[in-house]
Amino acid sequence: MNDPIQVLTLFLFNIVLVNIPLLYGTVGEIVVEKSGSLNLGVEGTMAIGAMFGYLAGCAANSLAAGLLVSFLTAGLCGLLFAVLTVSLQANQNVTGLTITTFGLGLYFFVGKGLGERWPAMTASDGLVKGYSALEIPGLSKLPVIGKALFSHNALVYLGIAIALLVWWYLNFTKTGLRLRAVGENPGAADSVGINTLLYKYVHLIAGSGIMGLGGFYMALYMSGSFEGSNCWINGYGWIAIALVIFANWNPVLAVLGTLVFGFFNTLQIYAGPLAGAFPGPLGWLSAIPPQLYKALPFMITAIVLIASSVRKREGSGQPAALGLNYFREER
Amino acid sequence: MEEQQYAIEMRGICKSFGSVAANNNINLNVKSGEILALLGENGSGKTTLMNMLSGIYKPDSGIILVDGQEVAINSPEDAKKLGIGMVHQHFKLVDVFSAADNIWLGDDKSGLVLKKERYGVIRDMARKFGFDIDPRKKVYNMAVSEKQTLEIVKVLYYGAKIIILDEPTAVLTVQETARLFDVLRRMKAEGHAIIIITHKLNEVLEISDRVAILRKGEYITTVDTSSTNEQQLTEFMVGRKVELNIDRPVVDKTRPLLEIRDLTIKNDEGAVAIDKVNFYIRGGEILGVAGIAGCGQKELCEAIAGLRPIESGMMIHKGDNIVGLPPKAILEKGISMSFIPEDRLGMGLAPSMSVTDNMLLKKYDQARGPFVDRKTGRAEARQVIQELEIVTPSTETPVRRLSGGNVQKVLLGREIKAGPNVIVTAYPVRGLDINSSYAIYDILNRQKKDGVGILFVGEDLDVMIDLCDKIMVLCHGRVMGVVHAHKTSKEELGLMMTGALDLTNKYEDKPAGIARDSRIEETGEVEK
Amino acid sequence: MKNRQPLFHVVKREGASPARQLLAYVAAVALALAVGAVLLAVQGVEPVTFYRQLITMGIPGSRYPWRAVENFIKLFVPLLIVSMALSLAFKMRFWNIGGEGQFIMGAFWAGFAAMKLGESLPRPAMVLVMALCGALGGGLYGVFVAALKVKWGTNETLLTLMLNYIALYFLQYFAETKTDWNFFLDPGSARPKFAKFPASAQMITIPIGPFNLNLSLLIAAALCVLLYIYLNYTKRGYEIAVVGDSPNTARYAGMKVGKIVIRTIFLSAALIGLAGAFQVSSAGILSASVTNDVGWTGIVVAWLAKLNTAGIVVASLLITVLQFGCQTASTTYPSIDANFANLLQGVILFIVLAADFFTRFQLVRTRKEAAK
C-alpha cells in the first residue's frame with residue numbers, strides 16, 4: 001500500500017469509480033434544465049432509482065433489469081415533476097424539494113420495511129458479474145492509467161457514453177436544438193410550431209431516468225448494503241446540481257467537472273496515503289482538513305455562479321427561461 | 001366556380017380578455033395572390049385578431065376557414081401545418097442561437113442530425129428572397145432591423161401560404177422597406193396570401209390590394225385600395241366626429257409648468273422611441289397627446305416620471321431641471337404620472353393589495369412613526385370610491401378583483417388626491433363606460449380649474465377634441481405639430497397621426513411645441 | 001382531423017376563495033393519510049394504531065408526559081421561526097433556499113459565544129448574547145446573497161443552495177477536528193465530540209409544576225405577533241408587499257427596491273440565525289446535524305401556508321406533529337422510522353401542489369360553435 005505508484009493508481013482509479021454516479025446525476029439534470037425546468041429533486045430521484053433498481057436487479061438477477069427499472073422509476077419522478085410544474089403550473093422549487101423529501105422517505109420506508117428480507121448483492125451473481133470490472137483490451141495494460149481509466153465496471157463506461165451522447169444530442173441534432181430553444185425562449189419555440197409541452201415532458205422523464213441510473217450505480221458501489229441512517233446517495237444529488245453550473249450546462253464539461261469534483265472528493269480519503277507515498281511534494285496534503293475537500297465543489301460553484309452573473313450572458317449555457325413556467329396566453 | 005375561394009376567412013370572431021372585448025364579431029378574408037392591409041388605431045384589436053390565426057389565442061366564438069375548409073387552430077403548430085406564418089411585432093427569437101438555427105428550429109424537412117450545410121442552405125434561401133443575412137450571426141449580436149429581417153426570412157423559409165406581418169416596417173429603413181415590399185409583391189405573384197398590419201397610410205396605399213379596417217375591436221369595412229385614398233381611410237379608422245358635450249372650461253393659464261425640449265428617449269429594444277420632441281404644459285390647460293400604437297407615448301410618460309433614462313434633451317419643471325432625478329424627487333415636486341397599460345394592472349398599482357393600500361402607494365412614507373397610516377388611506381379610499389362611483393365590495397378588496405374601469409378609477413383617484421401641479425395621464429378612460437368616462441373628464445377639468453397642468457395621452461380623438469385645449473400629435477416618436485383643439489378636425493389629426501401631414505414648421509418664427517414665455521431661456525438652464 | 005379541439009381550455013382565475021383552498025388542504029391531508037395507511041398495511045403495520053400513536057405522540061400513558069411536550073417544543077420552535085423568516089423572503093419572490101446554511105451559521109456563532117463567554121456572563125445576558133450572535137451570523141450569511149442579487153442579478157436559488165453545503169462542512173470541520181485550539185470540543189473526550197455549553201448558556205426555562213416551559217416558545221410566539229404587525233401594519237412591511245407584488249409599481253412609487261430587498265433578506269436570514277441560536281441553546285450543545293432539515297421543511301411550511309402568518313403557525317404545528325409523532329410511533333415498529341413522516345409530507349404536498357392549480361386556473365369547456 002505504500003508503493004507510491006500503487007497509491008497514485010488507486011487514487012486515480014477511485015476518482016473515476018466513486019464519482020461517476022455524480023456524472024449520471026449531472027447529465028440527467030442538464031437534460032432537465034435545458035428544457036427550462038430547475039428540478040431540485042435530484043437527490044430524491046436518485047434515491048428512488050437506486051432502491052427500486054437494486055431490488056429489481058436482485059429479483060431478476062440481472063444488471064439490465066436493474067438499469068431498466070431504475071431508469072423507469074426515476075423517470076416516474078420526472079413525470080410527476082412534469083405533471084405538477086408543466087401542466088399544473090406549480091412552483092418548481094417547492095415541487096423539486098418535495099420530490100427529494102418524498103423520495104428519501106420512500107427509500108427508507110421500503111428499505112426498513114424489508115428488514116430481514118433485504119436481498120444481499122452477493123446472492124445475485126447477475127449483479128456481481130455485471131458490476132465487475134471490464135478490462136479494455138490493450139489500454140488496460142498501460143501503466144497507471146490502464147488501471148485508473150480502463151479497468152472499470154460497465155456502468156462507468158455507460159455513464160461516459162451517455163454524457164457524450166447527450167452532448168451530441170444537445171448540440172448536433174435538431175431535437176436537441178429544439179430542446180434548447182424551449183429552455184431559452186418557450187414563446188419563440190412555440191411560435192415555430194414546437195410542442196413545448198411534449199418536449200418538457202419527454203426530457204424531464206428522460207433526464208430523471210438518467211439520474212436514476214446514477215442511483216442504481218451507487219447501490220452497486222455500496223454493495224447493496226442498506227443502512228437505516230444513511231442514504232446511498234448521500235448528497236450526490238445536490239452536488240450534481242452544483243456540477244451542472246460548474247460544467248456550464250455542457251455534458252462534456254460535466255465529465256471533466258466530475259473528475260475535478262471527484263478529485264477533491266477522493267482526496268479527502270486519499271490525502272493521508274498520498275502524503276505518505278509522496279512525503280516530499282505532497283506531504284502538506286494531510287494537513288488540509290477533509291471538510292475543505294467536501295466544501296470545495298460548492299465553493300467553486302458559488303464562485304462560478306457569482307462570476308458568471310457579473311460577466312452576464314454571452315457564452316453562459318444557463319437556459320434563459322430556467323425555473324420559469326410557461327403559459328402561452330400570458331400577456 | 002363563381003367566385004375565387006378565399007385563402008383564409010374569419011367569420012364572426014369574438015375574443016375578450018376578462019371583461020374587455022378585444023374583438024367583436026370580426027369578419028375578414030384574403031385571397032391567394034392578394035395583399036390585405038389591416039388598419040386600425042392602437043387597441044383596435046388587430047394583433048389579437050392575428051394571434052388567433054397564428055394559434056396564440058383561441059377565439060371565444062366565430063369560425064376560421066382555410067381554403068374554404070373550417071379549421072381549428074389550437075396551437076402555433078396547427079397554424080404552421082395550415083401554412084399560416086406570422087411575423088410578430090415582438091420578435092420570437094432565441095437570443096443565443098445563430099440566425100440559421102432560429103430558422104432551422106421549425107424546419108420539418110431536414111433530418112435529425114444538424115449539419116454545417118444548414119448555414120449555406122439558409123443563406124441561399126435568404127438570398128433567393130432578396131435578403132442578405134449572416135446565418136452564423138447570433139441573435140444577441142443583431143441590430144433591431146436584422147432581427148426583423150430574420151423573422152421574415154423565417155416565415156418565408158417555412159413556406160407559409162398565408163403570411164401575416166405585424167408592423168414589419170416599423171423598424172426597417174426606407175431601403176429595407178422597399179426591398180421588403182418587393183419581396184411581398186413577388187410572394188403575391190407566386191400566389192401567397194398576405195396580411196400586413198401597418199399604420200403608415202402611404203404604405204397601405206402602395207402595397208395592398210384591399211384594406212380591412214378595425215376600430216375599437218369592431219370590424220368597420222373592407223375596401224379596395226384602388227378606390228380609396230388617405231382621407232377616406234383615415235375617416236374609417238378614426239370614425240366620424242361624434243358630439244360628446246364634454247365641458248371645456250376656459251381657465252386663466254399660467255406660465256409653462258413643465259417644458260420638454262429636444263427630448264430623445266430609447267425604448268426597451270434600443271430603438272429611438274421619442275425623437276427630439278418639444279412641448280410644454282401650462283397650468284390650467286390640458287394638452288392632449290394623440291398618436292397611433294406605440295409611437296412613444298409610454299416611453300415619454302416613463303421619462304417624465306423618472307422611470308426611464310433619457311438620451312438627450314431637457315425636462316424643466318417650474319424652472320428646475322428634473323432630468324436625472326429619482327422618481328421620488330419628481331413625485332415630491334408635484335408631478336403625477338398615471339399610465340393605464342393594456343392589461344390595466346401593469347404600472348402604478350399593486351394588484352394583490354387592497355384599494356386602501358393602493359391609495360397609500362405614494363405617501364405611505366409620510367405618516368409619522370413606523371406604521372402605515374391606513375386610517376387616512378381608508379378614509380381617502382372611501383372618498384374616492386364615493387366620488388368616482390367605484391364599484392367594490394369594500395375598501396379592503398384587492399384591486400385585481402375589481403372589474404373593468406374601477407381599477408383605473410382607483411389609480412386616477414389616488415393621483416388626484418395627492419394634489420399634484422402636473423398630471424400626466426395616459427389612457428385614463430381605456431375600457432370605461434360612458435358615465436365613468438365623463439366622471440373622469442370632470443375630475444380632470446376640476447384639476448384644470450385649480451391651475452394644474454395636464455398632459456392627456458388619449459386614444460379617442462372625439463374626446464380629445466372636446467376635452468383638450470391643445471393637441472400634440474406624435475408619429476413614430478416625432479411631433480407632427482401642436483394644434484388648438486377647437487380649431488382642428490378629426491381628419492387633420494388623423495392625417496398627422498399617420499405621418500401624412502406635418503405642421504411643425506407651419507409658422508417658421510414659432511416652431512410647434514416651444515413656448516414664447518419659456519422659462520428655459522430665462523433660468524439659463526440651457527446648458528446641461 | 002383539422003377540427004380536433006381539446007375539450008377544455010385553461011384560463012387564469014381571478015382570486016381564489018379561501019374555503020376552496022382550505023378544502024384542498026383538508027382533502028390533501030386525508031388523502032395522504034389514506035395513501036400512508038395502504039403503505040403501512042403493506043408493511044404489516046396496523047394503520048389505525050399507528051396513526052393513533054402518531055397523533056397522540058406518545059404523550060398519554062408516558063411516564064414523563066411533560067418531557068415529551070418539552071421535546072415537541074424544541075422541534076416546533078425552530079421550524080416556526082424559520083418558516084416565518086422564509087415567508088418574509090418569499091413575499092418578495094426572493095427564493096431563499098439557504099435556510100439550512102443560515103441556521104447553521106446562527107447556531108455556530110451562538111455556540112461560539114457560549115463557549116467563549118459562557119463562564120463569565122450570567123444566564124440572561126448569555127442567552128441574549130447568543131441570540132444576537134446567532135442573528136448576526138445568519139443575517140450576514142444571507143444578506144451577502146441579497147446584495148449580489150441586487151447588484152448583478154445572481155441567481156439566489158442556486159447560490160443559497162451552495163452556501164448551505166459550505167456552511168455544513170464549515171460546521172463539520174469544527175465538529176471533527178481535534179486540536180488544542182478547537183474550544184468547541186469536549187477536552188475530556190479522546191474522540192472529537194462537541195462539549196456541552198456552560199450552564200449559563202442553556203436556554204432559560206420557566207418551571208410550571210413538573211413542566212419546564214422553554215422561553216424560546218414565548219419568544220417565537222412574540223415574534224409571530226411582531227412579524228405579523230411588521231408585515232401588515234408598518235411602512236417596511238408595506239414596502240415588502242409592494243415589491244413582491246410588482247417591482248415596477250414599487251419603482252414607480254419611488255421606492256428603492258434594492259435597498260428594500262437587502263434589508264428584508266437580512267431580517268429574514270437573521271431570524272433564521274436566531275432560530276439556530278435558540279436551537280443550540282435549548283439543546284445545550286452544538287451538533288453537526290443541528291438543523292434537523294428545518295431549512296428545507298421551512299420552505300414547505302411557508303409555501304403550504306401561502307405565506308400567511310396564521311397559516312404558518314398551523315402548518316408548522318401540523319408538520320411537527322407529523323415528524324415528532326412518527327418518531328415516537330416508530331419506536332414500537334422496527335420496520336417504520338421517522339422518515340415515514342417525510343413520505344407523508346411528500347404526498348400531502350404533491351396533492352396540495354396539484355390542487356393549487358385549480359385555485360389559480362380554471363378549465364373552461366371549449367365552446368361548441370367553435371368546435372363543431
Side-chain angles (χ1 to χ4, degrees), chain A residues 30 33-36 86-87 164-203 248-250 308 311-322 324 326-331, chain B residues 15 17-18 20 22 47-48 51 54-58 74-82 84-88 90-98 100-116 118 138-141 151 154-155 157-158 160 341-346:
Chain A
I30 288 176
E33 289 193 19
K34 278 291 178 189
S35 78
V86 179
S87 294
L164 294 177
L165 193 71
V166 168
W167 174 74
W168 175 78
Y169 171 76
L170 286 176
N171 293 297
F172 300 99
T173 68
K174 190 148 64 186
T175 29
L177 182 75
R178 288 178 170 170
L179 171 66
R180 283 184 287 138
V182 169
E184 286 288 339
N185 185 344
D190 199 4
S191 77
V192 298
I194 294 171
N195 188 338
T196 52
L197 199 81
L198 182 69
Y199 267 77
K200 279 175 183 264
Y201 263 84
V202 166
H203 292 94
N248 196 23
W249 289 264
N250 178 338
S308 67
R311 274 191 300 115
K312 284 284 176 285
R313 282 205 67 67
E314 253 168 83
S316 164
Q318 178 171 356
L322 184 62
L324 306 174
Y326 176 60
F327 183 55
R328 185 188 287 158
E329 296 196 13
E330 192 84 69
R331 298 209 295 167
Chain B
K15 173 79 184 171
F17 296 103
V20 186
T47 303
T48 304
N51 272 335
S54 68
I56 303 280
Y57 299 141
K58 270 169 257 180
N74 293 317
S75 67
E77 199 180 352
D78 289 354
K80 196 171 128 196
K81 280 190 193 134
L82 291 168
I84 301 172
M86 177 156 172
V87 175
H88 293 267
H90 298 286
F91 314 128
K92 303 258 184 194
L93 295 171
V94 181
D95 269 355
V96 295
F97 283 8
S98 65
D101 284 348
N102 263 292
I103 296 174
W104 213 248
L105 270 185
D107 178 276
D108 295 322
K109 294 175 297 240
S110 63
L112 175 73
V113 180
L114 293 181
K115 298 209 181 81
K116 287 234 166 61
R118 67 184 187 278
K138 297 270 198 278
V139 171
Y140 58 75
N141 283 329
E151 283 281 23
K154 188 163 93 177
V155 171
Y157 180 83
Y158 296 155
E342 274 163 29
D343 63 1
R344 296 175 176 202
L345 290 169

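Here is how names work: the chains are called A, B, and so on, in the same order as the sequence lines, proteins then strands, and each is numbered from 1. Any value given below was found using the heavy atoms of this structure, including those in side chains, with hydrogens, waters and symmetry copies removed. Everything numeric here is computed off the predicted structure, so don't read it as measured data.
- One finds the CG atom of Asn171(A) at 8.5 Å from the CG atom of Leu114(B) (value rounded to the nearest 0.5 Å).
- When the side-chain contact (heavy atoms from CB on, under 4.5 Å) test is applied to Lys34(A), the partners found at least two apart in sequence or on another chain are Ile30(A), Leu170(A), Leu179(A), Arg180(A), Trp249(A), Pro319(A).
- Although no hydrogens or angles enter the test, the distance criterion places no donor-acceptor pair under 3.5 Å between the side chain of Lys81(B) and the main chain of Gly193(A).
- Considering all non-hydrogen atoms of both residues, Asp107(B) and Arg178(A) come closest at O-NH2, 2.8 Å.
- Nearest heavy-atom pair, Val192(A) versus Leu105(B), reported as atom, atom and distance to 0.1 Å: CG2-CB, 4.1 Å.
- Listed by chain and number, the residues in a salt bridge (Lys or Arg N to Asp or Glu O under 4.0 Å) with Lys154(B) are Glu151(B) (sequence neighbours excluded).
- Scanning all heavy atoms of the two residues, the minimum distance from Ala181(A) to Val94(B) falls at CB-CG2, 3.9 Å.
- Panel note: side chain Lys174(A), backbone Leu112(B); no donor-acceptor pair is recorded below 3.5 Å.
- Side-chain atoms of Glu184(A) and Val96(B), non-hydrogen and from C-beta on, do get closer than 4.5 Å to each other.
- Separation of atoms CD1 (Ile194(A)) and CD (Glu77(B)) is listed at 9.0 Å; rounding is to 0.5 Å.
- Scanning both residues, Ser191(A) and Lys92(B), for their nearest heavy atoms gives OG-CB, 3.5 Å.
- Heavy atoms closer than 4.5 Å to chain A are found nowhere in Ser54(B), neither backbone nor side chain.
- A donor-acceptor pair under 3.5 Å links the side-chain atoms of Asn185(A) to the main chain of Leu93(B), judged by distance alone.
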